[in-house]
Amino acid sequence: MDLQKQDLQKQDLQKQGAPAASEFRASDAERDRIADILHDALAEGRLTAEEHAERVEGVLRAKTVGELEVFIRDLPAAHRRVPGPTAPHRPTAGAIPIEPDDNVVAIFSGAVRKGRWRAGRRIHAYAIFGSVEIDLSEALFDHQQVVIKSFAIFGSVEIRVPENVSLRGMGGGVLGSFEVDTLDSGEPEAPVVYVDGWAVLGSVEARPRRGKVVADILDRVQRKVDKSLRKHLGH
């Protein structure tokens, strides 16, 4: 009898066919994308604070992609094509070491990293009753993924990146401000900077520095093409 039930269920599934894209289960990345669009709509005055809060609450409850799209279908951003690839919201598993390559510490003082310097894969910033400034606008990126773990306790951490990298925020604030301007580069070879950590009665801020770019991204692409071409010609 059990085998007959299984056969009937299998036949029903075959008749139904594959589910529509709107019926797929929503991922965390898709929820983040919808939340970003709602945040921008609030900043542009398209939504009131009450409407924004109501929709964000709905986004958190949504189970499918179709349910998510309902909350942005009356917003222009939902109908724009996103240029180029988007960076993942989390670093690739195993790509970032546990131990930091660099520590930037300010306790009742200030600390700065700026100019032409090599950015490691993991940077830890501690601002305790002090201020930390990390400026990557002229830095050399030896790695495509960089994590900046920031802790601001009664202090501030300010991070600036070139405008042609991707920028992601993963941290939060406790009676403090944690603000990261999400940025997507149109270049597949561009570095991705992830800002993580906490602002406790302090502030963490990460933004692009307009007019500053990672100049060697195109060089990297060209070197990759040349290497592939040499390998092909060698055969």
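- Contact check on Glu163 versus Arg210 returns a salt bridge, with a Lys/Arg side-chain nitrogen under 4.0 Å from an Asp/Glu carboxylate oxygen.
- Between Arg209 and Asp135 a salt bridge is recorded (basic side-chain N to carboxylate O distance below 4.0 Å).
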Please report the C-alpha distance between Thr92 and Gln145 in whole Å, then the side-chain angles of each, then the deciding distance to 0.1 Å, and finally whether the side chain to side chain donor-acceptor pair (under 3.5 Å) criterion is met.
CA-CA 8 Å; Thr92 305; Gln145 298 185 79; 2.9 Å; yes
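- Heavy atoms only, all atoms of each residue included: Arg168 and Thr182 are closest at NH1-CG2, 3.1 Å.
- Remark: the backbone N or O of Ile159 is not paired with any side-chain donor or acceptor of Glu205 at under 3.5 angstrom.
- Ion pair Arg122/Asp101 not flagged as a salt bridge, since none of the NZ, NE, NH1 or NH2 atoms sits closer than 4.0 Å to an Asp/Glu carboxylate oxygen.
- Comment: Arg160 does not engage Asp181 in a salt bridge, judged by the lack of any side-chain N to carboxylate O separation of less than 4.0 angstrom.
- A donor-acceptor contact shorter than 3.5 Å links the side chain of Arg31 to the backbone of Ala62.
- Minimum interatomic distance between Ala139 and Arg116 (heavy atoms only, all atoms of both residues): O-NH1, 4.1 Å.
- Annotation for Ala106 and Ser131: closest pair CB-O, 3.4 Å, computed over non-hydrogen atoms.
- Ion pairing of Glu69 with Arg33 is present here, as a side-chain N (NZ or NE/NH1/NH2) and a carboxylate O approach within less than 4.0 Å.
- Note that CZ of Phe71 and CG of Leu38 are 8.5 Å apart. Values are rounded to the nearest 0.5 Å.
- Under the 4.0 Å criterion applied to side-chain N and carboxylate O atoms, Glu57 and Arg61 are assigned as salt-bridge partners.
- By the 4.0 Å N-to-carboxylate-O rule, Glu179 lies close enough to Arg207 to be salt-bridged with it.
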